2 protein chains.
Amino acid sequence: MEGPDETDLQLLRLLGADSNLTIKELAGRVNLSPSPVFERVKRLEANGYIKKYIALINAEKLNYGLIVFCNIRLKQHDKSIGHQFVTDILHLAEVVECYNISGDYDFLLKVYAKDMKHYQDFVFNKLGSVKSIGSTHSTFVMCENKNSYNINI
Amino acid sequence: MEGPDETDLQLLRLLGADSNLTIKELAGRVNLSPSPVFERVKRLEANGYIKKYIALINAEKLNYGLIVFCNIRLKQHDKSIGHQFVTDILHLAEVVECYNISGDYDFLLKVYAKDMKHYQDFVFNKLGSVKSIGSTHSTFVMCENKNSYNINI
DNA sequence: CTTGAAAAATGGAGGGT
DNA sequence: ACCCTCCATTTTTCAAG
């Protein structure tokens with residue numbers, strides 16, 4: 001497929017902010033009739049420009065009001081240890097994101113917890129039982145100023 | 001509203017992973033008929049448990065293959081400086097997330113860039129013109145192992 | 001890209017447990 | 001309070017031009 005044109009980018013912007021817009025509404029925004037917009041959206045989906053559609057759940061409403069970025073250093077750095085760490089970590093419900101990073105630490109986790117007590121339990125009992133972890137460093141979020149979830153194209 | 005029951009949580013889980021599921025499909029998953037499911041979903045939306053519905057855009061496909069966590073320390077820490085910083089930063093297209101954090105730095109940004117050259121330009125020309133910034137420290141993502149976007153309830 | 005029509009989903013009325 | 005079965009309306013989806 002050739003790259004998306006300006007109309008495609010506009011559709012991605014619109015759907016990236018609100019995927020409940022109907023084909024008809026999208027058509028109005030980009031000054032086209034519904035059919036070509038329908039075809040464009042389907043093509044963007046088929047070609048992987050749109051990964052999926054999700055609902056954003058309000059974690060605070062479910063009493064998950066604490067966000068923590070947890071830096072992790074492994075004991076050793078061979079491939080199998082790293083791979084084992086990732087599989088261990090992905091099963092933990094509190095871990096929303098996991099990145100392999102440059103710098104002093106090896107991984108960065110974004111963790112959602114109910115409160116400090118819950119986070120303490122997470123570090124001691126859940127991370128504590130992952131053998132490959134050497135040390136951790138937690139950075140607590142005091143305020144989420146922005147989260148747009150998508151790049152602003 | 002009273003807290004969501006187990007059926008509501010199941011609906012949140014399902015929609016948090018795929019919001020294209022129809023009411024009928026959801027009904028099948030939770031063993032109910034479409035009508036009560038429709039009402040439950042509308043209530044979860046009205047009461048803020050579902051914030052919004054979005055399409056997840058594939059940033060790599062749009063040549064935004066570099067993710068960087070950028071730690072920022074302000075020059076001073078009074079309220080107006082912090083507020084000005086946030087408004088300045090939210091206008092930058094590359095900044096997807098912004099958190100006010102504990103620890104050595106004041107803010108953590110998640111930044112999407114096309115490549116290292118683009119990121120360098122972002123730091124020098126865009127962050128460089130935000131007067132309230134004292135110093136920065138960049139952590140580069142080598143691999144995104146997980147991003148579920150929602151808490152696993 | 002447009003028109004137009006079939007298929008499917010939404011959203012709501014009315015009744016039952 | 002919660003659920004069900006129908007049905008009108010809207011939206012999606014896919015032809016053919």
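Quick caveat, the model's predicted, so the values are computed rather than measured.
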Residue set satisfying salt bridge (charged side-chain N to carboxylate O under 4.0 Å, His left out) with Arg13(A), at least two apart, ordered chain then number -> Glu6(A)
Could you check how far CG of Asn31(B) sits from C1' of dC2(D), rounded to whole Å? 16 Å
Strictly by salt bridge (charged side-chain N to carboxylate O under 4.0 Å, His left out), give each pair with a member in residues 60-76 of chain B just once, sequence neighbours left out. none
Excluding sequence neighbours, so at least two apart, what forms salt bridge (charged side-chain N to carboxylate O under 4.0 Å, His left out) with Lys146(A)? none
Can you measure Leu32(B) atom CG to dG16(C) atom P for me and round it to whole angstrom units? 20 Å
Please table the atom pairs, donor to acceptor, closer than 3.5 Å between any side-chain atom in residues 89-97 of chain A and protein atoms at least two apart or in another chain.
residue	atom	partner	partner atom	Å
His91(A)	ND1	Thr87(A)	O	3.0
Glu94(A)	OE1	Lys126(A)	NZ	3.3
Glu94(A)	OE2	His118(A)	NE2	3.0
Glu94(A)	OE2	Lys126(A)	NZ	3.2
Glu97(A)	OE1	Tyr99(A)	OH	2.4

For every nucleotide of nucleotides 6-17 of chain D, 5' to 3': is a protein heavy atom under 4.0 Å from its base (B), only from its sugar-phosphate (S), or from neither (-)? -----SSSB---
Just the rounded figure in Å: distance from P of dG11(C) to CG of Leu26(B). 13 Å
Nearest-Å distance, CG (Leu11(B)) to P (dC3(D))? 10 Å
For Lys114(B), enumerate each residue passing the salt bridge (charged side-chain N to carboxylate O under 4.0 Å, His left out) test, keeping only those at least two apart in sequence or located in another chain. none
Taking side-chain contact (heavy atoms from CB on, under 4.5 Å) as the definition, give me every residue that meets it alongside Lys51(A), ordered by chain and number, with sequence neighbours left out. Leu56(B), Asn58(B), Tyr149(B)
What I want to find out is whether Lys42(B) reaches Glu45(B) closely enough, with some N-O distance under 4.0 Å, to be called a salt bridge. yes
Using five pairs at each end of the helix from dC1(C)-dG17(D) to dT17(C)-dA1(D) to define an axis, what is the angle between those two axes, to 10°? 30°
N or O in side chain of Arg40(A) less than 4.0 angstrom from dC1(C) OP1/OP2: yes
Respond yes when some side-chain nitrogen or oxygen of Ser33(A) is under 4.0 Å from OP1 or OP2 of dT2(C), and no when none is. yes
Nearest-Å distance for atom pair CZ/P, residues Arg43(B) and dG11(C): 16 Å
side-chain hydrogen bond (donor to acceptor under 3.5 Å, both in side chains) filter on Tyr119(A), not counting sequence neighbours, yields Ser138(A)
